[in-house]
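Have a look at the structure below before the remarks.
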Amino acid sequence: MTSELRHLPSVDRVVSDERLKRLEDTYPRTLLVDVVRQHLERQRRSIAAGQPCPSMDNIVESVRAQVYALFTSSLRPVINATGVILHTNLGRAPLSKEATAAMAAVASGYCNLEMEVDSRARGTRQAHVELGLCQLTGAEAALAVNNNASALLLALAALAKKREVIVSRGQAVEIGGGFRIPDVMRQSGARLVEVGTANYTYVSDYEQAITPRTAALMRVHASNFKLIGFTQQVSLAELVALGRRYGLPVLDDLGSGCLLDTTAYGLDPEPMLQESVAAGAGLVFASGDKLLGGPQAGVVVGSKELVDRLKNHSLARVVRIDKARLAGLAATLIHYLKGEAISKIPVWRMISAPLAEIDRRARSWAEAGGELASVIDGETMVGGGSLPGAVLPTKLVAIGQAGKKGKNATQLVNQRLVSGEFPIIGRVSGNMLLLDPRSVLPEDDRIVLEALSRIGTGLESV
Ligand SMILES: *Cc1c(COP(=O)(O)O)cnc(C)c1O
(Lines give C-alpha, C1' and ligand atoms only; values in the text may rest on other atoms or scores of the structure.)
Protein backbone atom coordinates (compact mmCIF):
# COMPACT_ATOMS: atom_id res chain seq x y z
CA MET A 1 0.00 0.00 0.00
CA THR A 2 2.72 2.46 1.00
CA SER A 3 4.72 1.53 -2.08
CA GLU A 4 1.69 2.41 -4.23
CA LEU A 5 1.52 5.77 -2.49
CA ARG A 6 5.15 6.41 -3.35
CA HIS A 7 4.24 6.18 -7.05
CA LEU A 8 1.88 9.13 -6.75
CA PRO A 9 3.59 12.18 -8.33
CA SER A 10 4.03 15.44 -6.41
CA VAL A 11 1.86 18.49 -7.03
CA ASP A 12 4.85 20.25 -8.61
CA ARG A 13 5.51 17.43 -11.01
CA VAL A 14 1.91 17.28 -12.21
CA VAL A 15 1.62 21.05 -12.54
CA SER A 16 4.77 21.25 -14.63
CA ASP A 17 3.62 18.55 -17.05
CA GLU A 18 3.71 20.07 -20.55
CA ARG A 19 0.03 19.35 -21.22
CA LEU A 20 -1.08 21.21 -18.08
CA LYS A 21 1.45 24.01 -18.52
CA ARG A 22 -0.33 24.91 -21.75
CA LEU A 23 -3.53 25.49 -19.81
CA GLU A 24 -1.83 28.34 -17.95
CA ASP A 25 -2.33 30.54 -21.04
CA THR A 26 -6.08 30.37 -20.48
CA TYR A 27 -6.65 29.60 -16.80
CA PRO A 28 -5.20 31.11 -13.63
CA ARG A 29 -2.19 29.14 -12.35
CA THR A 30 -3.38 29.25 -8.75
CA LEU A 31 -6.57 27.49 -9.79
CA LEU A 32 -4.64 24.82 -11.72
CA VAL A 33 -2.46 24.17 -8.65
CA ASP A 34 -5.55 23.91 -6.47
CA VAL A 35 -7.28 21.47 -8.81
CA VAL A 36 -4.14 19.31 -8.96
CA ARG A 37 -3.71 19.37 -5.18
CA GLN A 38 -7.31 18.34 -4.56
CA HIS A 39 -7.15 15.65 -7.21
CA LEU A 40 -3.95 14.14 -5.74
CA GLU A 41 -5.48 14.27 -2.27
CA ARG A 42 -8.46 12.22 -3.49
CA GLN A 43 -6.08 9.76 -5.16
CA ARG A 44 -4.09 9.45 -1.93
CA ARG A 45 -7.26 8.50 -0.06
CA SER A 46 -8.34 5.97 -2.65
CA ILE A 47 -4.85 4.39 -2.69
CA ALA A 48 -5.02 4.17 1.09
CA ALA A 49 -8.33 2.38 0.59
CA GLY A 50 -6.60 -0.23 -1.56
CA GLN A 51 -6.93 1.22 -5.07
CA PRO A 52 -3.94 1.14 -7.45
CA CYS A 53 -2.00 4.35 -8.18
CA PRO A 54 -3.27 6.06 -11.37
CA SER A 55 -0.85 6.71 -14.23
CA MET A 56 0.51 10.18 -14.96
CA ASP A 57 -1.56 10.28 -18.17
CA ASN A 58 -4.66 9.44 -16.21
CA ILE A 59 -3.98 12.18 -13.64
CA VAL A 60 -3.34 14.81 -16.32
CA GLU A 61 -6.50 13.86 -18.20
CA SER A 62 -8.63 14.03 -15.04
CA VAL A 63 -7.23 17.43 -14.08
CA ARG A 64 -7.79 18.74 -17.58
CA ALA A 65 -11.39 17.53 -17.65
CA GLN A 66 -12.01 19.07 -14.22
CA VAL A 67 -10.63 22.46 -15.31
CA TYR A 68 -12.78 22.50 -18.46
CA ALA A 69 -15.87 21.54 -16.47
CA LEU A 70 -15.24 24.33 -13.96
CA PHE A 71 -15.27 26.93 -16.69
CA THR A 72 -18.24 25.68 -18.66
CA SER A 73 -21.71 26.25 -17.30
CA SER A 74 -23.26 22.81 -17.28
CA LEU A 75 -26.77 24.30 -17.21
CA ARG A 76 -27.67 25.47 -20.69
CA PRO A 77 -30.56 25.80 -23.11
CA VAL A 78 -31.76 22.77 -25.08
CA ILE A 79 -34.42 22.37 -27.75
CA ASN A 80 -37.30 20.24 -26.47
CA ALA A 81 -38.46 18.16 -29.43
CA THR A 82 -39.60 15.32 -27.15
CA GLY A 83 -43.27 16.06 -27.63
CA VAL A 84 -43.84 16.56 -23.90
CA ILE A 85 -44.74 20.23 -23.45
CA LEU A 86 -44.29 20.45 -19.68
CA HIS A 87 -41.16 18.32 -19.33
CA THR A 88 -40.01 18.47 -15.71
CA ASN A 89 -36.48 17.26 -16.56
CA LEU A 90 -36.18 19.98 -19.20
CA GLY A 91 -37.31 22.80 -16.92
CA ARG A 92 -41.12 22.72 -17.38
CA ALA A 93 -42.71 25.88 -18.80
CA PRO A 94 -40.68 28.11 -21.12
CA LEU A 95 -41.49 31.78 -20.42
CA SER A 96 -42.87 34.52 -22.61
CA LYS A 97 -40.56 37.25 -23.85
CA GLU A 98 -42.25 39.69 -21.51
CA ALA A 99 -41.80 37.42 -18.47
CA THR A 100 -38.15 36.80 -19.35
CA ALA A 101 -37.52 40.53 -19.76
CA ALA A 102 -39.22 41.29 -16.45
CA MET A 103 -37.01 38.77 -14.68
CA ALA A 104 -33.84 40.13 -16.27
CA ALA A 105 -34.83 43.70 -15.39
CA VAL A 106 -35.10 43.04 -11.66
CA ALA A 107 -32.23 40.55 -11.55
CA SER A 108 -29.54 42.96 -12.71
CA GLY A 109 -30.35 45.74 -10.28
CA TYR A 110 -32.41 46.80 -7.29
CA CYS A 111 -36.18 46.88 -7.37
CA ASN A 112 -39.12 47.95 -5.21
CA LEU A 113 -39.53 44.39 -3.95
CA GLU A 114 -40.73 45.37 -0.48
CA MET A 115 -40.92 49.13 -0.63
CA GLU A 116 -43.68 51.48 -1.67
CA VAL A 117 -41.52 53.92 -3.56
CA ASP A 118 -43.77 57.00 -3.18
CA SER A 119 -44.09 56.84 0.57
CA ARG A 120 -40.90 54.85 1.30
CA ALA A 121 -43.15 52.72 3.45
CA ARG A 122 -42.34 49.07 3.85
CA GLY A 123 -44.35 47.03 1.35
CA THR A 124 -44.86 43.32 0.84
CA ARG A 125 -43.48 41.30 -2.03
CA GLN A 126 -46.83 39.57 -2.38
CA ALA A 127 -48.43 42.85 -3.46
CA HIS A 128 -46.82 42.40 -6.90
CA VAL A 129 -48.87 39.29 -7.70
CA GLU A 130 -51.76 39.23 -5.24
CA LEU A 131 -54.02 41.67 -7.08
CA GLY A 132 -53.67 39.81 -10.39
CA LEU A 133 -54.17 36.39 -8.84
CA CYS A 134 -57.33 37.58 -7.07
CA GLN A 135 -58.69 39.26 -10.20
CA LEU A 136 -58.13 36.14 -12.32
CA THR A 137 -59.49 33.61 -9.85
CA GLY A 138 -62.11 35.57 -7.93
CA ALA A 139 -60.32 34.80 -4.66
CA GLU A 140 -60.15 37.18 -1.70
CA ALA A 141 -56.45 36.74 -1.13
CA ALA A 142 -53.39 35.11 -2.68
CA LEU A 143 -49.83 34.15 -1.92
CA ALA A 144 -46.87 33.05 -4.06
CA VAL A 145 -44.10 30.90 -2.62
CA ASN A 146 -41.16 28.81 -3.84
CA ASN A 147 -43.16 25.97 -5.44
CA ASN A 148 -46.39 24.08 -4.96
CA ALA A 149 -44.79 21.45 -2.73
CA SER A 150 -43.68 24.15 -0.31
CA ALA A 151 -47.09 25.85 -0.51
CA LEU A 152 -48.70 22.60 0.66
CA LEU A 153 -46.14 22.16 3.43
CA LEU A 154 -46.75 25.72 4.62
CA ALA A 155 -50.53 25.37 4.55
CA LEU A 156 -50.56 22.06 6.39
CA ALA A 157 -48.14 23.35 9.03
CA ALA A 158 -50.12 26.57 9.47
CA LEU A 159 -53.60 25.03 9.56
CA ALA A 160 -53.27 21.44 10.66
CA LYS A 161 -50.21 20.88 12.83
CA LYS A 162 -50.89 18.10 15.37
CA ARG A 163 -54.36 17.78 13.90
CA GLU A 164 -55.93 15.68 11.17
CA VAL A 165 -56.52 16.20 7.46
CA ILE A 166 -58.90 13.86 5.64
CA VAL A 167 -57.93 12.71 2.15
CA SER A 168 -59.44 10.07 -0.13
CA ARG A 169 -57.22 6.99 -0.36
CA GLY A 170 -57.28 7.33 -4.14
CA GLN A 171 -55.71 10.78 -3.81
CA ALA A 172 -52.95 10.09 -1.26
CA VAL A 173 -50.60 9.76 -4.19
CA GLU A 174 -47.04 10.25 -5.37
CA ILE A 175 -46.98 13.12 -7.82
CA GLY A 176 -43.59 12.31 -9.32
CA GLY A 177 -39.98 12.88 -8.41
CA GLY A 178 -40.64 11.22 -5.05
CA PHE A 179 -43.13 13.90 -3.97
CA ARG A 180 -45.76 12.07 -1.92
CA ILE A 181 -48.78 13.63 -0.26
CA PRO A 182 -48.45 11.41 2.87
CA ASP A 183 -44.78 12.46 3.28
CA VAL A 184 -45.53 16.19 3.03
CA MET A 185 -48.30 15.69 5.52
CA ARG A 186 -45.91 14.02 7.98
CA GLN A 187 -43.27 16.74 7.51
CA SER A 188 -45.83 19.43 8.28
CA GLY A 189 -46.86 17.78 11.55
CA ALA A 190 -50.37 17.13 10.28
CA ARG A 191 -51.87 13.65 10.50
CA LEU A 192 -53.20 12.15 7.30
CA VAL A 193 -56.49 10.34 7.64
CA GLU A 194 -57.13 8.28 4.52
CA VAL A 195 -60.72 7.36 3.77
CA GLY A 196 -62.45 5.21 1.20
CA THR A 197 -60.66 2.70 -1.00
CA ALA A 198 -58.25 3.22 -3.89
CA ASN A 199 -61.12 3.49 -6.38
CA TYR A 200 -64.27 4.33 -4.38
CA THR A 201 -64.77 7.18 -1.90
CA TYR A 202 -68.14 8.60 -0.78
CA VAL A 203 -69.13 11.73 1.15
CA SER A 204 -70.09 9.45 4.04
CA ASP A 205 -66.48 8.16 4.21
CA TYR A 206 -65.26 11.70 4.89
CA GLU A 207 -68.08 12.43 7.29
CA GLN A 208 -67.46 9.32 9.41
CA ALA A 209 -63.78 10.27 9.75
CA ILE A 210 -64.49 13.78 11.11
CA THR A 211 -63.48 14.13 14.77
CA PRO A 212 -62.72 17.11 17.05
CA ARG A 213 -59.09 16.78 15.85
CA THR A 214 -59.99 17.31 12.19
CA ALA A 215 -58.48 20.52 10.76
CA ALA A 216 -59.41 20.29 7.08
CA LEU A 217 -60.70 18.19 4.20
CA MET A 218 -58.34 17.89 1.29
CA ARG A 219 -58.65 17.08 -2.39
CA VAL A 220 -55.59 16.24 -4.50
CA HIS A 221 -55.92 16.39 -8.27
CA ALA A 222 -54.81 13.11 -9.85
CA SER A 223 -52.26 14.89 -11.95
CA ASN A 224 -50.15 12.04 -13.26
CA PHE A 225 -52.57 9.15 -13.49
CA LYS A 226 -56.16 8.47 -14.34
CA LEU A 227 -58.58 6.22 -12.51
CA ILE A 228 -60.64 4.42 -15.12
CA GLY A 229 -63.33 1.81 -14.91
CA PHE A 230 -65.63 1.70 -11.89
CA THR A 231 -64.59 4.60 -9.70
CA GLN A 232 -66.19 7.15 -7.44
CA GLN A 233 -64.61 10.30 -6.08
CA VAL A 234 -66.40 13.04 -4.19
CA SER A 235 -66.80 16.33 -6.07
CA LEU A 236 -65.34 19.55 -4.72
CA ALA A 237 -68.86 21.00 -4.27
CA GLU A 238 -69.85 18.01 -2.12
CA LEU A 239 -66.69 18.36 -0.02
CA VAL A 240 -67.30 22.07 0.46
CA ALA A 241 -70.91 21.39 1.54
CA LEU A 242 -69.70 18.81 4.05
CA GLY A 243 -66.96 21.15 5.29
CA ARG A 244 -69.49 23.94 5.84
CA ARG A 245 -71.65 21.70 8.00
CA TYR A 246 -68.70 20.94 10.27
CA GLY A 247 -66.89 24.28 10.02
CA LEU A 248 -63.92 22.76 8.16
CA PRO A 249 -62.02 24.36 5.27
CA VAL A 250 -61.40 22.42 2.06
CA LEU A 251 -57.86 22.47 0.69
CA ASP A 252 -57.76 21.83 -3.06
CA ASP A 253 -54.40 20.87 -4.58
CA LEU A 254 -54.88 21.34 -8.31
CA GLY A 255 -51.21 21.13 -9.28
CA SER A 256 -51.40 22.28 -12.88
CA GLY A 257 -52.66 25.83 -12.27
CA CYS A 258 -54.94 26.02 -15.26
CA LEU A 259 -56.77 29.31 -15.90
CA LEU A 260 -58.04 28.56 -19.42
CA ASP A 261 -60.56 26.06 -20.76
CA THR A 262 -58.58 23.14 -22.19
CA THR A 263 -61.59 21.68 -23.99
CA ALA A 264 -61.33 24.50 -26.53
CA TYR A 265 -58.22 22.66 -27.84
CA GLY A 266 -59.67 19.17 -27.96
CA LEU A 267 -58.31 18.21 -24.54
CA ASP A 268 -60.14 16.79 -21.54
CA PRO A 269 -61.37 19.42 -19.08
CA GLU A 270 -58.58 20.32 -16.64
CA PRO A 271 -59.89 21.83 -13.38
CA MET A 272 -59.37 25.60 -13.29
CA LEU A 273 -58.34 27.70 -10.29
CA GLN A 274 -61.35 30.02 -10.66
CA GLU A 275 -63.73 27.01 -10.63
CA SER A 276 -62.33 25.81 -7.31
CA VAL A 277 -62.62 29.28 -5.82
CA ALA A 278 -66.20 29.57 -7.07
CA ALA A 279 -67.03 26.15 -5.63
CA GLY A 280 -65.97 27.44 -2.23
CA ALA A 281 -62.57 25.82 -1.60
CA GLY A 282 -60.82 27.50 1.34
CA LEU A 283 -57.40 27.32 -0.31
CA VAL A 284 -56.46 26.28 -3.84
CA PHE A 285 -52.88 25.27 -4.69
CA ALA A 286 -51.03 25.27 -8.00
CA SER A 287 -47.57 25.33 -9.56
CA GLY A 288 -46.46 28.45 -11.39
CA ASP A 289 -44.57 26.51 -14.04
CA LYS A 290 -47.15 24.03 -15.26
CA LEU A 291 -50.23 25.13 -17.24
CA LEU A 292 -50.02 28.59 -15.71
CA GLY A 293 -46.97 28.92 -17.96
CA GLY A 294 -44.81 31.00 -15.63
CA PRO A 295 -41.63 30.47 -13.59
CA GLN A 296 -41.29 27.93 -10.78
CA ALA A 297 -43.59 29.06 -7.99
CA GLY A 298 -46.28 27.82 -5.68
CA VAL A 299 -49.53 29.75 -6.02
CA VAL A 300 -52.14 29.73 -3.26
CA VAL A 301 -55.50 31.49 -3.62
CA GLY A 302 -58.44 31.46 -1.24
CA SER A 303 -60.11 33.10 1.69
CA LYS A 304 -58.35 36.03 3.35
CA GLU A 305 -58.54 34.45 6.76
CA LEU A 306 -56.74 31.28 5.66
CA VAL A 307 -54.21 32.99 3.37
CA ASP A 308 -53.33 35.36 6.23
CA ARG A 309 -52.56 32.41 8.47
CA LEU A 310 -50.11 31.15 5.83
CA LYS A 311 -48.54 34.59 5.38
CA ASN A 312 -48.03 34.96 9.12
CA HIS A 313 -46.56 31.52 9.74
CA SER A 314 -42.79 31.30 10.33
CA LEU A 315 -42.38 28.81 7.45
CA ALA A 316 -43.54 31.52 5.00
CA ARG A 317 -40.04 32.98 5.23
CA VAL A 318 -38.47 29.57 4.62
CA VAL A 319 -40.40 29.00 1.39
CA ARG A 320 -40.52 32.56 0.08
CA ILE A 321 -40.24 33.39 -3.59
CA ASP A 322 -37.31 35.46 -4.93
CA LYS A 323 -37.60 38.78 -6.77
CA ALA A 324 -36.82 37.43 -10.25
CA ARG A 325 -39.46 34.73 -10.24
CA LEU A 326 -41.95 37.09 -8.68
CA ALA A 327 -41.40 39.46 -11.62
CA GLY A 328 -41.78 36.58 -14.11
CA LEU A 329 -44.98 35.43 -12.45
CA ALA A 330 -46.43 38.96 -12.42
CA ALA A 331 -45.65 39.42 -16.14
CA THR A 332 -47.25 36.04 -16.92
CA LEU A 333 -50.42 36.99 -15.03
CA ILE A 334 -50.63 40.20 -17.07
CA HIS A 335 -50.91 38.09 -20.25
CA TYR A 336 -54.05 36.48 -18.82
CA LEU A 337 -55.44 39.82 -17.67
CA LYS A 338 -54.92 41.30 -21.14
CA GLY A 339 -56.56 38.28 -22.77
CA GLU A 340 -53.40 37.46 -24.72
CA ALA A 341 -52.33 34.27 -22.91
CA ILE A 342 -52.91 32.06 -25.95
CA SER A 343 -50.72 34.14 -28.22
CA LYS A 344 -47.98 35.03 -25.70
CA ILE A 345 -47.49 32.22 -23.18
CA PRO A 346 -45.35 29.50 -24.78
CA VAL A 347 -47.16 26.47 -23.32
CA TRP A 348 -50.50 27.84 -24.58
CA ARG A 349 -49.03 28.73 -27.95
CA MET A 350 -47.93 25.08 -28.22
CA ILE A 351 -51.26 23.68 -27.05
CA SER A 352 -53.26 25.91 -29.41
CA ALA A 353 -51.02 25.58 -32.48
CA PRO A 354 -53.20 24.34 -35.39
CA LEU A 355 -52.26 20.94 -36.78
CA ALA A 356 -51.85 22.42 -40.27
CA GLU A 357 -49.14 24.72 -38.99
CA ILE A 358 -47.37 21.86 -37.19
CA ASP A 359 -47.58 19.86 -40.41
CA ARG A 360 -45.99 22.65 -42.43
CA ARG A 361 -43.12 22.95 -39.93
CA ALA A 362 -42.63 19.19 -39.75
CA ARG A 363 -42.33 19.08 -43.55
CA SER A 364 -39.67 21.77 -43.58
CA TRP A 365 -37.76 19.94 -40.81
CA ALA A 366 -37.98 16.66 -42.74
CA GLU A 367 -36.79 18.32 -45.93
CA ALA A 368 -33.73 19.64 -44.11
CA GLY A 369 -33.09 16.21 -42.59
CA GLY A 370 -32.68 14.58 -46.00
CA GLU A 371 -33.49 11.08 -47.22
CA LEU A 372 -33.84 9.37 -43.86
CA ALA A 373 -36.45 11.82 -42.56
CA SER A 374 -40.20 11.59 -43.06
CA VAL A 375 -43.34 13.06 -41.53
CA ILE A 376 -45.71 10.78 -39.60
CA ASP A 377 -48.79 11.26 -37.42
CA GLY A 378 -48.21 11.36 -33.69
CA GLU A 379 -49.30 12.70 -30.32
CA THR A 380 -47.94 15.46 -28.09
CA MET A 381 -48.30 15.04 -24.32
CA VAL A 382 -49.09 18.06 -22.18
CA GLY A 383 -47.20 16.44 -19.28
CA GLY A 384 -45.91 18.05 -16.11
CA GLY A 385 -48.60 16.74 -13.83
CA SER A 386 -51.51 18.09 -15.78
CA LEU A 387 -54.11 16.42 -17.93
CA PRO A 388 -53.17 12.83 -17.20
CA GLY A 389 -53.14 10.90 -20.43
CA ALA A 390 -54.13 14.01 -22.36
CA VAL A 391 -52.61 14.19 -25.80
CA LEU A 392 -52.83 16.54 -28.75
CA PRO A 393 -52.57 15.41 -32.36
CA THR A 394 -49.24 16.31 -33.92
CA LYS A 395 -46.93 15.61 -36.85
CA LEU A 396 -43.61 14.00 -36.02
CA VAL A 397 -40.43 14.01 -38.00
CA ALA A 398 -39.19 10.41 -37.97
CA ILE A 399 -35.53 9.91 -38.78
CA GLY A 400 -34.07 6.48 -39.42
CA GLN A 401 -34.59 3.33 -41.43
CA ALA A 402 -35.68 -0.23 -40.76
CA GLY A 403 -33.28 -2.98 -39.76
CA LYS A 404 -30.01 -3.16 -37.86
CA LYS A 405 -28.41 -0.51 -40.06
CA GLY A 406 -31.31 1.76 -39.14
CA LYS A 407 -30.50 1.45 -35.48
CA ASN A 408 -26.94 2.66 -36.03
CA ALA A 409 -28.12 5.55 -38.18
CA THR A 410 -30.62 6.61 -35.51
CA GLN A 411 -27.94 6.51 -32.85
CA LEU A 412 -25.63 8.60 -34.99
CA VAL A 413 -28.32 11.17 -35.78
CA ASN A 414 -29.25 11.38 -32.12
CA GLN A 415 -25.61 11.90 -31.16
CA ARG A 416 -25.19 14.66 -33.71
CA LEU A 417 -28.36 16.44 -32.66
CA VAL A 418 -27.44 16.51 -28.98
CA SER A 419 -23.82 17.52 -29.49
CA GLY A 420 -24.45 20.98 -30.96
CA GLU A 421 -24.46 24.31 -29.18
CA PHE A 422 -28.20 23.85 -28.57
CA PRO A 423 -28.74 20.14 -27.99
CA ILE A 424 -31.92 18.97 -29.70
CA ILE A 425 -33.68 16.36 -27.59
CA GLY A 426 -36.03 14.00 -29.39
CA ARG A 427 -37.34 10.62 -28.38
CA VAL A 428 -36.17 7.28 -29.70
CA SER A 429 -38.86 4.77 -30.56
CA GLY A 430 -37.73 1.46 -32.02
CA ASN A 431 -35.33 2.28 -34.84
CA MET A 432 -36.59 5.81 -35.22
CA LEU A 433 -35.67 9.13 -33.73
CA LEU A 434 -38.87 11.18 -33.40
CA LEU A 435 -38.91 14.97 -33.27
CA ASP A 436 -42.11 16.87 -32.41
CA PRO A 437 -42.38 20.47 -33.66
CA ARG A 438 -45.30 21.16 -31.32
CA SER A 439 -43.06 21.33 -28.23
CA VAL A 440 -40.61 23.63 -30.05
CA LEU A 441 -41.41 27.33 -30.50
CA PRO A 442 -41.44 28.39 -34.17
CA GLU A 443 -38.75 30.98 -33.41
CA ASP A 444 -36.37 28.07 -32.64
CA ASP A 445 -37.00 26.33 -35.97
CA ARG A 446 -33.91 28.02 -37.40
CA ILE A 447 -31.71 26.12 -34.92
CA VAL A 448 -33.43 22.82 -35.68
CA LEU A 449 -33.25 23.32 -39.45
CA GLU A 450 -29.57 24.12 -39.29
CA ALA A 451 -28.81 21.04 -37.19
CA LEU A 452 -30.95 18.79 -39.38
CA SER A 453 -29.33 19.97 -42.58
CA ARG A 454 -25.94 19.05 -41.10
CA ILE A 455 -26.83 15.48 -40.07
CA GLY A 456 -27.69 14.14 -43.52
CA THR A 457 -24.08 13.97 -44.68
CA GLY A 458 -22.21 10.74 -44.08
CA LEU A 459 -25.20 8.70 -42.93
CA GLU A 460 -25.30 6.54 -46.06
CA SER A 461 -21.99 4.98 -45.09
CA VAL A 462 -23.08 3.89 -41.62
C1 LIG B 1 -46.89 19.13 -9.58
C2 LIG B 1 -47.77 18.96 -8.42
C3 LIG B 1 -47.32 19.28 -7.13
C4 LIG B 1 -45.93 19.76 -6.87
O5 LIG B 1 -45.74 21.04 -7.41
P6 LIG B 1 -44.27 21.69 -7.53
O7 LIG B 1 -44.54 23.09 -8.00
O8 LIG B 1 -43.53 20.86 -8.50
O9 LIG B 1 -43.67 21.66 -6.19
C10 LIG B 1 -48.20 19.12 -6.08
N11 LIG B 1 -49.45 18.67 -6.26
C12 LIG B 1 -49.93 18.35 -7.50
C13 LIG B 1 -51.34 17.85 -7.65
C14 LIG B 1 -49.10 18.49 -8.62
O15 LIG B 1 -49.56 18.17 -9.83
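As the structure is a prediction and not an experimental result, all values here were calculated from the model. Just follow the structure's listing: the first ligand is 1, and inside any ligand the first atom is 1.
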- request: Report the C-alpha separation of E443 and K97 in whole Å, then their side-chain angles, then the decisive distance to 0.1 Å, and conclude whether the salt bridge (Lys or Arg N to Asp or Glu O under 4.0 Å) test is met.
  value: CA-CA 12 Å; E443 47 268 44; K97 280 187 199 61; 3.6 Å; yes
message: Go through it in stages, so that I can follow the logic: the residues are D253 and R219, the test is salt bridge (Lys or Arg N to Asp or Glu O under 4.0 Å), and I'd like the CA-CA distance, side-chain angles, deciding distance and then a yes or no.
response: CA-CA 6 Å; D253 178 18; R219 180 177 83 149; over 6 Å; no
message: The test is side chain to side chain donor-acceptor pair (under 3.5 Å); show your working for Y246 and E207 and say whether it passes.
response: CA-CA 9 Å; Y246 288 86; E207 185 160 16; 2.5 Å; yes
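A362 approaches V397 most closely through the heavy-atom pair O-CG2, 3.4 Å. Counting all heavy atoms, side chain and backbone alike, A149 lies closest to V184 at O-CG1, 4.4 Å.
Distances from ligand 1 to the non-hydrogen atoms of K290 include at least one value under 4.0 Å. Using 4.0 Å as the threshold, R92 has a heavy atom nearer than that to some atom of ligand 1.
In terms of polar-atom proximity, S287 is counted as a contact of ligand 1, with an N or O under 3.5 Å from an N or O of the ligand.
Less than 4.0 angstrom separates some heavy atom of A149 from each of these atoms of ligand 1: 5 (O), 6 (P), 9 (O). Distances below 4.0 Å separate heavy atoms of G255 from the following atoms of ligand 1: 12 (C), 13 (C), 14 (C), 15 (O). Residue-ligand proximity, H221 to ligand 1, at heavy-atom distances under 4.0 Å covers atoms 13 (C).
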